[in-house]
Structures are given as C-alpha cells and as structure tokens.
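Written out below as structure tokens is the structure these notes cover.
Numbers for residues simply follow the sequence, beginning at 1. The figures that follow rest on heavy atoms only: side chains count, while hydrogens, waters and symmetry mates do not.
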Amino acid sequence: MHPDHTAPTPTPTPPPAPSRGGRRLRNIVITMALGATMFAVGAVMLTPGGNTAPRPAGHGRYEAPRGSIEALQARVARLPKDPGGWAALGMAYVQQARSTADPATYDRAEKALRTSLSVQGEGNTDAETAMGALAAARHDFPTALRWARKATTSGPYSSSAYGVLADAHTQLGHYDEADEAVQKMADLRPDAASLARASYAFELKGNTPRARALMQRSLAAAATPADKAFAHSVLAGLDLQDANPREALARTQTALRTAPTDSALLESRARAYLALGDTTKAVADYKAAIAIAPLPHYLLGLGELEQALGHRERAAENYDLLRAQDRIREAAGDPADTDAILFEADHGNPRRAVALAQETLRNRPFVAVHDAYAWALHRAGRDTEALVQADKALAQGTRSALFHYHRAAIHHALGGPEAARRDLTEALREPGFHPLHADAARDLLQRIDTTP
C-alpha cells in the first residue's frame with residue numbers, strides 16, 4: 001500500500017490516540033523502533049524482539065461514531081447546548097467525508113465542532129481532538145498538531161487525543177515524537193486503533209513482521225465491521241509487500257463477504273488481482289471501489305491500469321476526474337496530496353509537479369511527500385536534487401516498492417547502474433507493484449544487466 005494511503009474512521013469521540021505512560025516512555029520508544037511487543041494488563045510495552053505498507057494521512061482507524069449522523073443531528077436539535085453531541089456530530093462528518101471523498105462535508109464538520117467549542121470553550125477535549133482530526137483529514141498537519149496538543153493538555157487520559165497527536169507528528173516527519181505518542185496511546189488503551197498505529201510505526205521503519213503481528217492483534221481487538229475491514233485491508237497490503245498476492249487475494253475475498261461495500265478492501269483485492277496478472281478482475285474491482293468512493297488513489301490506479309492495457313480513452317476518463325478533483329482542491333487553497341503530485345509528474349507538467357511538491361513539503365515533510373518530490377524532480381530533469389529527496393523518502397527504512405523504483409530510475413539517470421540495480425531488485429520483490437512502473441522496472445533491470 002502506498003505510504004500515503006490510509007482510511008481512518010473518525011468518531012464522535014475523536015480519533016483514538018496514543019497513550020500516556022509517563023517519562024519512562026523515552027526508553028520504550030527507542031526499543032519500539034527495534035522490535036517486539038509485550039502486552040501487560042492495561043498497557044502495551046513496545047520493546048525489542050518482535051514485527052505496515054505506508055498508508056495515507058491518519059494511519060489508524062478512528063473510533064466509530066456513537067450513532068448515525070441522522071441520530072446525532074436529532075440529538076443536537078434536541079439538546080443544542082450539549083458540547084459532546086456537537087463534537088460527536090462533527091467527528092461523524094469527518095469520517096463521512098473521508099469515506100465519500102466529499103470535501104463539502106468537512107465544512108459541515110467544522111461548523112458542528114465550532115458550535116461545540118462555542119458552547120464549551122475550555123476543557124472540551126472531544127471537540128479539540130475532532131478539530132485535530134479534521135485538520136489532518138484536510139492535510140493541514142501543523143494545525144492538527146496544535147489541536148492535538150491542546151486536546152492532550154485538556155484530556156491527558158484521552159487515547160483519541162494521542163492518536164491525533166501521533167498522526168500529526170508522523171506526517172510532519174517527527175517520527176520519534178510519533179512513536180512516543182503511539183506508546184502513550186497504547187498504554188492508555190491497547191485497542192484496535194492504538195495497535196494499528198503501532199503497526200504503522202514499525203511499517204514505516206521497514207519492520208513488516210512486527211507490523212504484521214501488531215495488525216493481527218488490531219484485527220483481533222476490532223470491535224466493529226469497519227475496523228475489521230480496515231485491518232484486513234492493511235494485512236493484504238503487507239501480503240503484497242511480502243510477495244504473497246495469493247494470500248492477499250484470499251484475505252480480501254474472505255473479508256469482502258462480510259463487508260462487500262468496503263472500498264479499501266475492493267482496491268486491495270484489485271491490487272492482488274493485478275499482481276496475479278488477472279487484469280480483468282482488477283479493473284472490475286477498481287471500478288467498484290470508485291463507485292463507492294472516488295478517492296484519488298483509486299482513480300489513479302485504475303487510470304494507469306487502463307493505460308497499461310492500451311485503453312487510452314478509458315484511462316483519460318479517470319485522469320479527467322483527477323484533474324477536476326485537483327481544480328477543486330486548488331480553489332479551496334488546500335495543499336496537493338502525493339497522488340496529485342505523482343499524477344502531474346507522470347501525466348501532466350513535471351515542472352508544475354515540482355512546484356506542487358515544494359508547497360506540500362513545507363507543511364508536510366513526510367516520507368511519501370519526499371518520494372513524490374523526488375519523482376517530480378526526476379521527471380523535470382533535476383536528478384541530483386531528486387536523489388537527495390529519494391534518500392530522505394527511504395531514510396526510515398520503509399519497504400515501498402514504488403519508492404525504490406523511483407530512486408532506481410534516478411540513480412540510473414545519474415550514471416549509477418549498481419545502485420539502480422539494488423533498488424530495482426528491492427522494488428521487484430513485490431510483483432505488480434504498479435500498473436506502469438513494474439514493467440518499466442523489469443525493462444530497466446534487464447538493460448542494466450545486459451549492458452557491458
């Protein structure tokens with residue numbers, strides 16, 4: 001799964017957050033980067049010895065809203081001075097927007113949350129956490145960090161608040177601080193959400209065995225069908241990363257029996273079919289996922305698959321939708337996501353892709369943004385600068401096939417065939433990692449191997 005792709009599930013009580021475990025966490029966080037997990041009563045010790053493919057902005061599920069949006073709307077109509085009701089409604093709107101890709105819903109979320117804060121301006125941890133989740137959903141991570149710090153101050157025992165804090169630190173490139181926030185979240189509440197974030201922390205460092213073990217625990221702890229579907233989708237991504245597309249396919253097929261309209265599971269199954277060479281079923285699943293939620297990475301995945309199959313008109317339809325979404329983003333003044341940057345680099349104007357990446361990187365120096373910036377620079381012919389960014393993208397140890405392919409192409413352009421070969425070999429560990437670039441990676445490796 002691309003490091004930038006995750007589908008957190010917000011809630012009335014804002015996103016689950018890291019726990020608070022006291023100052024002893026500094027040592028625990030250090031060992032967390034090494035490996036193992038021990039579960040004590042009421043706490044999770046992330047210590048040496050134990051085992052995510054990068055996901056989008058918030059890398060764990062948020063708690064599910066207590067009731068439907070309609071029920072929450074009825075509640076605030078009945079109790080207009082209830083700050084908790086407004087906070088719950090705001091978080092439910094955040095989740096709905098993330099699931100439907102409808103940016104207008106974020107405005108409704110903000111209105112509900114501002115109402116909650118107007119009713120209770122101080123100590124309103126739920127609304128503060130939800131405001132942080134909303135900012136993160138809009139990819140405004142400096143603002144998300146400010147709200148998360150406010151929430152963890154007013155609610156030092158709120159697991160959800162620490163979840164938003166972890167997400168903000170991660171996307172801002174503060175990886176040690178993110179680890180500490182996840183540790184606090186897990187100490188407070190070792191539930192599906194905290195375990196998912198712990199899994200992601202290990203995944204970013206390339207420790208997929210530990211990431212898998214933690215996500216399996218997250219699956220076991222999942223209390224809702226949505227949380228279970230999320231865990232299965234992440235585990236399928238890890239299966240693909242470990243060159244096991246058949247396991248990914250079996251997992252997603254099983255999960256889809258109980259969650260047939262989960263778009264992330266459909267996209268995960270599409271990628272499994274692609275890795276197995278069944279492009280007809282891959283196209284069908286991409287289309288089904290887009291019909292549920294036209295998220296940019298679904299549109300880009302299907303468009304590039306159609307292009308690889310020679311269906312240029314069908315590819316253009318998806319690319320046109322992406323451009324329309326980008327115009328809406330631009331009009332709103334929001335920063336570009338990595339999908340928009342990569343799309344512009346490969347299918348638009350590489351110089352514009354560079355400008356988009358520079359703007360995004362200012363407020364989001366996350367590994368996926370460094371990678372997108374590297375690729376944009378490469379496509380613009382600025383390979384020396386591109387290599388600096390590609391190295392930053394892989395500095396944490398992230399096992400992303402796409403990141404390695406990007407750096408391989410940059411090394412090759414700079415006259416470094418051996419370095420390119422190493423990255424290509426790593427990228428091709430994951431079959432079918434990209435509809436277009438997987439074949440390009442194989443072709444480049446063959447050229448390197450046959451060139452004296």
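For the side chain to side chain contact (heavy atoms under 4.5 Å, CB included) test with L305, the passing option among L300, V283, L436 is V283; the others fail.
Scanning for ring pair (Phe, Tyr, Trp, His ring centres under 6.0 Å) contacts around H378 gives W375, with sequence neighbours left out. Annotation: side chain to side chain donor-acceptor pair (under 3.5 Å) contacts of R138 (sequence neighbours excluded): D107, E110. Evaluation of the side chain to side chain donor-acceptor pair (under 3.5 Å) rule for Y298 yields S263 as partners, not counting sequence neighbours. With sequence neighbours excluded, the residues satisfying side chain to side chain donor-acceptor pair (under 3.5 Å) with Q358 are Y373.
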Result block: side-chain N/O donor-acceptor pairs under 3.5 angstrom for residues 253-260, not counting sequence neighbours:
residue, atom, partner, partner atom, Å
Q253, NE2, Y273, OH, 3.2
T254, OG1, A250, O, 3.0
T258, OG1, A255, O, 3.1

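With respect to D449 and R421, a salt bridge is recorded, a charged nitrogen being found less than 4.0 Å from a carboxylate O. A salt bridge between E426 and R422 is absent, with no side-chain N of the basic residue lying under 4.0 Å from a carboxylate O of the acidic one. In this structure, R212 pairs ionically with D242, as a charged nitrogen and a carboxylate oxygen lie closer than 4.0 Å. Salt-bridge formation is not detected for the pair R269/D262: no Lys NZ or Arg NE/NH1/NH2 atom is positioned less than 4.0 Å from an Asp or Glu carboxylate oxygen. We find that R382 and E385 are joined by a salt bridge, their nearest charged nitrogen and carboxylate oxygen being less than 4.0 Å apart. A salt bridge links D179 with K205: the closest approach of a Lys/Arg side-chain nitrogen to an acidic carboxylate oxygen falls below 4.0 angstrom.
A donor-acceptor pair shorter than 3.5 Å can be found between the side chains of E304 and H347.
The aromatic ring centres of H232 and F230 sit 6.0 Å or more apart.
When side chains are defined from C-beta on, Y405 does not count as touching E430, because their heavy atoms never get closer than 4.5 Å.
Sorted by first and then second residue, the salt bridge (charged side-chain N to carboxylate O under 4.0 Å, His left out) pairs with a member in residues 317-326 read D320-R323, D326-R329, D326-R352; sequence neighbours excluded.
No more than 12 heavy-atom neighbours from other residues, nucleotides or ligands sit within 6.0 angstrom of CD on Q446.
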